[in-house]
Amino acid sequence: MSRWIGPVVLAMIAAVAAWYGTLAAAPSVIMDRAWNRLADQAGYNKMTHTPPVVAERQTIVRPSPDLAYSICAFDLTQAPLEVMIAPVPAHYWSLTVFDSVTDVAFVESDRDTGGKPIRLVLATADQAVPKGARKIVMPDAKGVALIRVLLNNRAEIGAVDAYRKQSFCRPLKG
Amino acid sequence: MRTGFRYGIMLVVGLVLGTGAAALQLKQSFAAMGIENGPWRTGEKVGTADASVATRATVALRGLLALPEREAIYFNASTDSQGRKLTGRCAYRVTGGAIDARWWSLTLYDSAGYLIPNPASVYSVGSAAIPPEEKTNWTVDIARKRTGTHWIAMPDDQPFELTLRAYHPSRELLAKRGSVPLPRIERGECGA
């Protein structure tokens, strides 16, 4: 029986390591799949202004039907990314930039900007950006920028679209 | 039995058990996020590297691209206030008071975290729909057909979950997320 003590201890250590490793790896694996799905459906380095979510059309888990989403899956490999968010008056709106492991690299909402636009350049640490640009350093090349706009009711999507569709993301031209 | 074989087999057993436990933990509930308040579960430091490994994994799997808590806090429930699993076989009434945030919404999802198709396309109720006189004492019914002013459709018998989002939560709500009064979820009539 004593011959099994060592193997059992190894099994316990392996179980803890596998448990931790699975949980630790989940965000990057899940984000990678989501990024590929978004890029397949709408391309990348461009902003897609999606209509209000309905059950028949859901790309990301746990979407809010009370929000209008605009989403930009990005890849900074070739160039930094210029991001401009147009404010939507009298509405909650926010921009969140997620890195490839789901951590938030940037978030601001209408409360922070006082109703002014957000202008950013997303870049990796070694990429140069124009003087005066607001550089957000991303830990690696891939990520997702997401705009949320609160809809007081779904019928006002037309009025909200007039503002939010001015928002864009695009590779910075050298 | 050779020593090497014993170690090998137990290594595989350990890896399978650990991976399986993690997968089960993620799929079963939001309890991995750590903070309980009645039937509601939430976490801390969502969206940051400082969140626990379990919170990060749970959010990625069940609420990818969630906002950090300075923008929004998410409470999720898969049971009623008596601890019974939420199921479409029963009707429910959710009652609550003022929630200390800029706005809030209550949304129904299936157990994988997706909206459930229903003829009325009614998936949620938000604070914008609650008139001022009801802000401190509101009721939302969850049932096949509309039974009250504020209603979320639950069209079939499957298990479901509720997510309460509070945008721009107050400091007090963030500090006391595990103890502030949150909506009660009461089960009503159940079908066969």
Side-chain angles (χ1 to χ4, degrees), chain A residues 3-4 6-31 33-34 52-58 60-67 69 71 92 94 96 98-99 101-105 107-109 111-112 144 146 148 150-154, chain B residues 1 3 6-23 25-26 32 46-49 53-54 56-68 70-72 74 76 102-103 105 107 109 112-118 121-124 126 128-129 163 165 167-168:
Chain A
R3 289 180 303 175
W4 285 93
V8 168
V9 170
L10 176 66
M12 292 168 67
I13 293 169
V16 171
W19 171 81
Y20 188 89
T22 301
L23 293 182
S28 58
V29 171
I30 293 167
M31 188 65 159
R33 283 188 197 162
V53 179
V54 292
E56 293 76 14
R57 190 182 55 246
Q58 303 177 78
I60 297 290
V61 68
R62 212 164 289 272
S64 171
D66 306 301
L67 297 170
Y69 293 100
I71 194 158
Y92 168 87
S94 63
T96 318
F98 299 89
D99 67 17
V101 295
T102 73
D103 289 338
V104 173
V107 62
E108 277 188 2
S109 68
R111 183 177 62 177
D112 302 303
V144 172
L146 181 64
R148 292 171 163 92
L150 171 64
L151 299 172
N152 293 313
N153 59 72
R154 293 166 77 91
Chain B
M1 198 182 296
T3 302
R6 283 197 299 273
Y7 275 95
I9 204 95
M10 292 307 280
L11 176 64
V12 172
V13 167
L15 291 173
V16 169
L17 284 177
T19 306
Q25 181 180 359
L26 289 174
V46 168
T48 74
V53 68
R56 287 168 53 79
T58 303
V59 171
L61 183 69
R62 312 191 68 173
L64 188 65
L65 307 184
L67 283 163
R70 69 182 287 265
E71 283 300 308
Y74 302 82
N76 298 288
R102 181 172 169 186
W103 65 278
S105 67
T107 310
Y109 298 96
Y114 291 95
L115 301 172
I116 301 174
N118 66 84
S121 295
V122 176
Y123 315 106
S124 69
T163 294
R165 292 173 167 85
Y167 275 70
H168 284 170

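Reminder, nothing fancy here: chain letters follow the sequence lines and each chain counts from 1. Predicted model, so just to flag it, every value in this text is computed and none were measured.
Residues passing the side chain to side chain donor-acceptor pair (under 3.5 Å) test with A:E108, sequence neighbours excluded: A:R134. Residues meeting the side chain to side chain donor-acceptor pair (under 3.5 Å) test with A:S94, sequence neighbours left out: A:Y92.
There is no contact between A:D99 and chain B, counting heavy-atom distances below 4.5 Å. Contact annotation for B:I116: only backbone heavy atoms (N, CA, C, O) come within less than 4.5 Å of a heavy atom of chain A. No part of A:V29 comes within reach of chain B, as not one of its non-hydrogen atoms sits under 4.5 angstrom from that chain. At a 4.5 Å heavy-atom cutoff, the contact between A:L146 and chain B is made by side-chain atoms alone. Neither the backbone nor the side chain of A:V16 comes within less than 4.5 Å of any heavy atom of chain B. Neither the backbone nor the side chain of A:V9 comes within contact range of chain B, judged by heavy atoms closer than 4.5 Å. Heavy atoms of A:I71 lying under 4.5 Å from chain B belong exclusively to its side chain. Neither the backbone nor the side chain of A:S28 comes within less than 4.5 Å of any heavy atom of chain B. Both the backbone and the side chain of B:Y114 come within less than 4.5 Å of a heavy atom of chain A. Residue A:L151 does not touch chain B at all, counting heavy-atom pairs closer than 4.5 Å.
Atoms CH2 and CD1, from A:W4 and B:I9 in turn, are 7.5 Å apart once rounded to the nearest 0.5 Å.
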